[in-house]
Each structure stands twice: as C-alpha cells, then as structure tokens.
Amino acid sequence: MKAPAHLPQLRQKLRPLALACAAALALPAVSATAAPAKDETLRLLEKMNARLEQLEKRNAELERQIKANAQAAAPALEKRVKTLEESQARVEDGLNSANVSENEPELTYRLKAIEMDTLSMKKAAKKVDALDGIKAGMSLTTVAQHASGLRSGTQDAGSQLNYRADVTVELPLDPIADIDQRVFAHVRIGQGQGLNAPLTNQGAFGSAPNAVAFRASGASPDDSVAILGQAWYQASIPLPFGGFKPRSREKLEITFGKMDLFGFFDQNVAAGDEARQFLNSVFVHNPLLDAGGQIGVDANGFQPGFVASYLNEFNKPEPWRLSFGVFGSGPKGSNYQRSLTSPLLMAQAEKTIRLFDGLAGNYRVYAWHRSKGIDFGAAENVSKHSGWGFSADQRVGDGITLFTRYGQQISGAVRFDRALTVGSELNGSYWSRGGDSLGVAYASLHASDEYRSAGGEGCLATDSNGDPINCFTYNPQGAERIAELYYRYRITKQFELSPNLQYMAKLGANPDASAVKIFGLRAQLAF
C-alpha cells in the first residue's frame with residue numbers, strides 16, 4: 001500500500017510553524033501575562049510532535065506492506081508478460097504465413113479474412129476501372145402492320161409482322177498522348193420484311209412503310225441470322241496538335257471501318273430513329289439517298305467508309321462542323337469486293353443555332369457524288385450521279401421540334417429527282433405525359449423528267465432471281481405523297497408502344513393509283 005499522499009505536504013506545512021514556535025520560546029519573557037500562552041503553545045507543540053511521530057510510524061508500515069505486495073505479485077506479473085509475448089509471437093508467425101490454420105489465434109484469422117476481403121474488393125475495383133467508359137445498348141423492336149388499298153393479288157399484302165434486335169457496344173481505348181480513341185460495334189438480327197415488298201411491287205419509290213424491317217441478305221425466312229452491321233474505329237485529336245488539351249476548342253475526328261453513313265451525315269433530331277420516331281423510310285433519311293439508292297449500301301444497309309470531321313467549339317453554345325466522307329458503294333463496292341472503283345463522296349457543313357429565346361436548332365447542308373451511279377432501268381453503274389440536300393431541326397417551344405429535309409438530284413437518270421419532307425414532334429408534357437411524343441410528317445417525291453419521258457410500259461429492275469420488279473404501265477406525273485402520324489406511349493423507361501398511321505397517294509407518281517392506308521403498332525424494349 002502507498003503512504004497517504006498528504007503526509008509529506010503536512011510535514012512541509014508544520015515545520016515552519018514548529019520553527020516559529022521554537023523561536024518564540026527562545027525569546028525572554030516580557031511579562032507574567034505571557035506565561036499561560038507559552039504553556040499552551042508548548043502543549044500544542046508536544047501534541048503535534050506526537051501526531052507527527054504516529055504518522056511517520058504509519059507511513060513506514062505502509063511502505064513495508066507495499067514492498068511485500070510487490071514482491072508477492074512479481075512472479076504472476078512476469079508470467080503474464082511472458083504469456084503476452086508468446087501470444088504476440090504466434091500472431092506474427094500466423095500473419096507471416098499465407099495459409100489459414102485452425103491452430104492460429106483468432107485475431108490472426110480475422111486479420112487474414114479482412115485482408116482477403118480487401119484484396120477481393122480491389123480486384124473488383126480494377127475490373128470496374130477496366131470497364132469504365134464502356135457504353136452498351138440493346139433494343140428489341142416488333143412491328144405489326146395492316147394495309148388497305150393495295151392492288152388485289154399483290155403478293156404478301158394484308159397484314160405483316162416483323163421484329164429486329166440491335167446490340168451496340170462502344171469501347172474506349174487508352175489515349176495516345178492527348179488523342180482519345182474508341183471502337184464501335186453494332187450487331188443486328190431480325191426476321192420479316194413487313195409491307196415493304198408489296199409496296200415496292202406496286203410501284204412505290206421511297207415509300208418503304210416499315211424501316212424497321214430487316215432480314216439478313218440471302219437468309220431464309222425461317223432464319224434469324226445475326227450480322228455485324230458496323231465496326232469502326234475513331235480517333236479524336238484536339239487542335240492545335242501538341243497544344244494544351246483542356247483549353248482546346250477545336251477537334252479533328254478520324255473514323256474508318258464498316259459503318260452506317262447516316263450516323264455521320266443527314267442527321268436529324270426529330271426524324272432519324274425508325275425504332276422510336278417515324279416508321280416510313282422517307283422520314284428517316286433523305287429519300288434520294290436512302291430509298292433512291294444514291295448511297296449504294298450493301299444488301300444489309302451498311303458499307304465501308306472513311307470520315308474526316310473538323311469540329312469548332314470556340315462558341316460553345318453554337319458549335320459548327322465540317323465533314324468529308326469516302327464510302328464504298330454499289331453492288332460490289334459496298335461489300336468489300338471493289339470498294340474503291342466507284343466510291344461515294346460526301347461533304348457536309350453543319351451548325352447549331354439558338355433561336356426563339358435560346359432554343360437549339362441544327363442545320364446541315366451536304367452534297368454527294370458517285371462517278372458511276374445506277375440509272376433507273378439499268379442493271380449496273382453507268383453514269384455520274386450527284387446531288388445536294390439539307391436537313392434541319394429546330395426547337396420552337398419547350399416540347400415542340402420542327403424538322404425538314406430537302407434533296408435535289410443534279411446529275412444521273414433517276415426516277416425521282418426532288419424530295420421534300422416536313423414535320424413536327426411534340427412532347428407529351430403538354431398533356432401531362434412527359435415521356436410520350438406525338439409526331440406528324442408529310443413528304444412529296446417529285447418524278448424526274450427522264451422518268452416521265454419513259455412513261456408507257458416497262459420494268460425498272462429485277463430481283464435476286466432475275467424476275468422483273470417495279471414494272472409500270474402508266475405515264476408518271478407529279479409526285480408521290482406520303483403522310484404519317486404516330487404516338488409514342490411510354491409504359492416504362494425501357495418499354496414503349498407506338499400506334500402508327502400512314503397514308504400514301506400516287507405511288508410511283510401514277511396519277512391513277514389508289515391511295516394506300518397502313519395501320520401499325522410498334523413495340524420497343526430498350527436497355
């Protein structure tokens with residue numbers, strides 16, 4: 001046991017008092033009246049001295065007991081320290097071993113478990129980092145259509161059903177200095193040609209009423225064959241080359257591979273996605289390029305190409321871009337047999353302009369040229385084909401977007417040499433359905449002078465079996481006209497239904513052709 005902590009302090013306080021008292025006693029007596037005070041002081045000093053001796057004896061006893069207790073506890077303390085050292089040694093040996101044993105201390109086992117969990121999390125994080133930037137999408141679109149007004153006996157007329165599935169993956173590559181790189185792939189699969197064939201056999205030019213319809217070239221109607229539609233590489237180079245990338249406001253994009261030309265030219269915000277917007281092909285792309293065959297894609301709708309694009313963003317809200325493309329075209333040029341013998345050349349200038357209190361609009365002007373295009377009624381490339389067009393979309397309200405396209409054929413004998421489409425897309429927020437949209441559009445496809453001059457009787461082409469198609473026994477006049485109305489109803493973020501109505505008059509510019517009405521329902525799942 002320890003001595004009371006206050007004993008030394010008490011001694012220090014009493015000593016000055018004792019000295020003072022002793023000094024007082026040494027002085028000579030002043031008077032007889034001081035004698036009782038001196039006796040009382042002596043008595044108090046004797047009492048305090050006795051108390052002090054008692055405290056010293058008690059302190060000595062306490063010190064003896066503390067020393068005895070320490071000597072008795074030393075073996076137990078030594079044993080406990082030894083046990084702790086042995087336990088620490090076992091923990092260190094366990095941690096130095098990569099194996100887990102049941103004989104290890106529990107602490108070692110828990111630490112190893114935490115370490116394994118941490119490593120697993122790091123591995124998972126590395127996998128996530130490796131996948132960072134990858135973009136993937138998948139959509140499944142099914143279309144049911146019923147036509148009325150087709151000529152009696154038209155093959156495959158009436159009601160048709162088809163589906164198409166698209167899977168896209170965009171993979172970023174490691175940059176080269178300041179140059180960003182990416183690879184894009186697109187796989188497509190589908191069955192059913194919808195009502196496209198019956199309308200073509202009836203003389204329609206651009207009126208492919210089902211742009212979703214897809215079946216791999218040469219595949220049996222019983223087959224669902226997947227094809228690699230697109231596979232291209234793109235490098236994005238900040239300008240000026242070698243400058244400070246964060247401050248760069250110019251960019252050069254180089255793209256090459258197998259691609260869909262309309263991903264780079266003739267884009268349109270309100271009319272460019274047949275799976276969600278307008279279903280008739282005349283509203284999806286410029287009719288002269290697409291239905292008119294000027295782009296010369298392969299049987300599946302794709303072609304090899306090279307695109308160089310300059311983007312200027314000095315005015316960030318209103319950037320502009322210049323693009324130039326070279327594409328393999330024609331029956332053999334588009335499928336990598338003779339891709340460069342008669343290429344398609346395209347150039348486009350586009351700019352974003354903000355009108356109507358800052359609402360964005362996109363305006364594009366482009367031109368195309370083929371050294372050997374296919375004249376109507378011919379079986380192979382025979383003459384130069386060229387033309388120009390523009391595509392514009394402009395928001396005029398919070399949920400209203402207007403669009404238009406125009407195409408003009410400059411050279412080459414074609415059936416229709418002018419095409420104009422106009423329309424609008426309205427957001428459902430106006431009727432408390434923000435995820436819905438309503439679209440309406442009109443197209444006019446004007447017959448060319450060459451086509452009108454060839455009026456009478458004939459066939460414009462043959463199918464894969466050599467049988468004549470697009471045969472006509474009339475004098476073409478005026479323009480083929482198409483109108484379309486759709487409503488896109490959002491059920492969930494991934495699932496949408498779109499009722500669709502199309503009206504087509506003067507198919508093939510035949511003034512006597514009866515109007516065709518097509519009712520359709522499109523369902524799309526997208527992830």
Participant: Nearest 0.5 Å, please: how far is CD in Glu480 from CZ in Arg415?
Facilitator: 7.5 Å
Participant: Could you state the interatomic distance from CG (Leu521) to CG (Leu501), rounded to the nearest 0.5 Å?
Facilitator: 12.5 Å
Participant: Under a plain distance cut-off of 3.5 Å, with no hydrogens placed, do Asn500 and Ser498 share a side-chain donor-acceptor pair?
Facilitator: no
Participant: Give a yes or no on whether Lys245 atom NZ has more than 12 heavy-atom contacts from other residues, nucleotides or ligands under 6.0 Å away.
Facilitator: yes
Participant: Please report the C-alpha distance between Gln348 and Gln267 in whole Å, then the side-chain angles of each, then the deciding distance to 0.1 Å, and finally whether the side chain to side chain contact (heavy atoms under 4.5 Å, CB included) criterion is met.
Facilitator: CA-CA 11 Å; Gln348 175 175 279; Gln267 308 96 313; 3.2 Å; yes
Participant: Do Leu261 and Trp368 have side-chain heavy atoms sitting under 4.5 Å apart?
Facilitator: no
Participant: Does any non-hydrogen side-chain atom of Thr168 lie less than 4.5 Å from one of Glu170?
Facilitator: no
Participant: Mind telling me whether His186 and Phe302 have parallel, tilted or perpendicular rings, with 30° and 60° as the class edges?
Facilitator: perpendicular
Participant: Tell me, with the steps shown, if Asp393 and Asn362 meet side chain to side chain donor-acceptor pair (under 3.5 Å).
Facilitator: CA-CA 5 Å; Asp393 57 81; Asn362 302 292; 2.9 Å; yes
Participant: When rounded to the nearest 0.5 angstrom, what distance separates OG1 in Thr142 from CG in Asn162?
Facilitator: 7.5 Å
Participant: Classify the ring geometry between Phe403 and Phe283 as parallel (under 30°), tilted (30 to 60°) or perpendicular (over 60°).
Facilitator: perpendicular
Participant: Around atom CG of Leu340, are there more than 12 heavy atoms from other residues, nucleotides or ligands closer than 6.0 Å?
Facilitator: no
Participant: Drop me the distance from Arg364's CZ to Ser391's OG, to the nearest 0.5 angstrom.
Facilitator: 5.5 Å
Participant: Indicate whether any N or O donor in one side chain lies under 3.5 Å from an N or O acceptor in the other, for Gln502 and Asn280.
Facilitator: yes
Participant: Does the pair Phe327 and Val297 meet the rule for a side chain to side chain contact (heavy atoms under 4.5 Å, CB included), with working shown?
Facilitator: CA-CA 9 Å; Phe327 301 90; Val297 295; over 6 Å; no
Participant: Flag the pair Val282 / Leu445 as yes when at least one side-chain heavy-atom distance between them is below 4.5 Å, and no otherwise.
Facilitator: yes
Participant: Counting C-beta onward and ignoring hydrogens, is there a side-chain heavy-atom pair between Gln234 and Phe184 closer than 4.5 Å?
Facilitator: no
Participant: Quick one, Ser224 and Tyr163 - any side-chain contact, counting heavy atoms below 4.5 Å?
Facilitator: yes
Participant: In terms of the angle between their ring planes, are Phe416 and Tyr451 parallel, tilted or perpendicular, with boundaries placed at 30° and 60°?
Facilitator: tilted
Participant: Applying side chain to side chain contact (heavy atoms under 4.5 Å, CB included) to Lys351 and Tyr363, what does each step give before you reach the verdict?
Facilitator: CA-CA 6 Å; Lys351 180 172 177 60; Tyr363 297 83; 5.6 Å; no
Participant: Heavy atoms, side chains only, cut-off 4.5 Å: are Ile295 and Gln303 in contact?
Facilitator: yes
Participant: For the pair Ser236 (side chain) and Asp180 (backbone), establish whether a donor and an acceptor sit closer than 3.5 Å, ignoring hydrogens and angles.
Facilitator: no
Participant: Using the six-membered ring wherever Trp is involved, compare the ring planes of Trp431 and Tyr487 and label them parallel, tilted or perpendicular (cut-offs 30° and 60°).
Facilitator: tilted
Participant: Are Arg488 and Gln277 close enough that some pair of their side-chain heavy atoms sits under 4.5 Å apart?
Facilitator: yes
Participant: Kindly determine whether Asn268 and Arg405 satisfy side chain to side chain contact (heavy atoms under 4.5 Å, CB included), including the steps that lead there.
Facilitator: CA-CA 9 Å; Asn268 199 291; Arg405 279 190 178 97; 3.2 Å; yes
Participant: Distance from Gln408 atom CD to Asn286 atom CG, nearest 0.5 Å?
Facilitator: 10.5 Å
Participant: What's the spacing between Arg370 CZ and Ser411 OG if we round to 0.5 Å?
Facilitator: 11.0 Å
Participant: Which residue, Phe256, Phe324, Phe306, Trp232, forms the ring-ring contact (aromatic ring centres under 6.0 Å, His included) with Phe264?
Facilitator: Trp232
Participant: Does the side chain of Asp298 come within less than 4.5 Å of Lys258's, by heavy atoms?
Facilitator: yes
Participant: For the residue pair Met138 and Val167, what are the closest heavy atoms and their distance?
Facilitator: CG-CG2, 3.8 Å
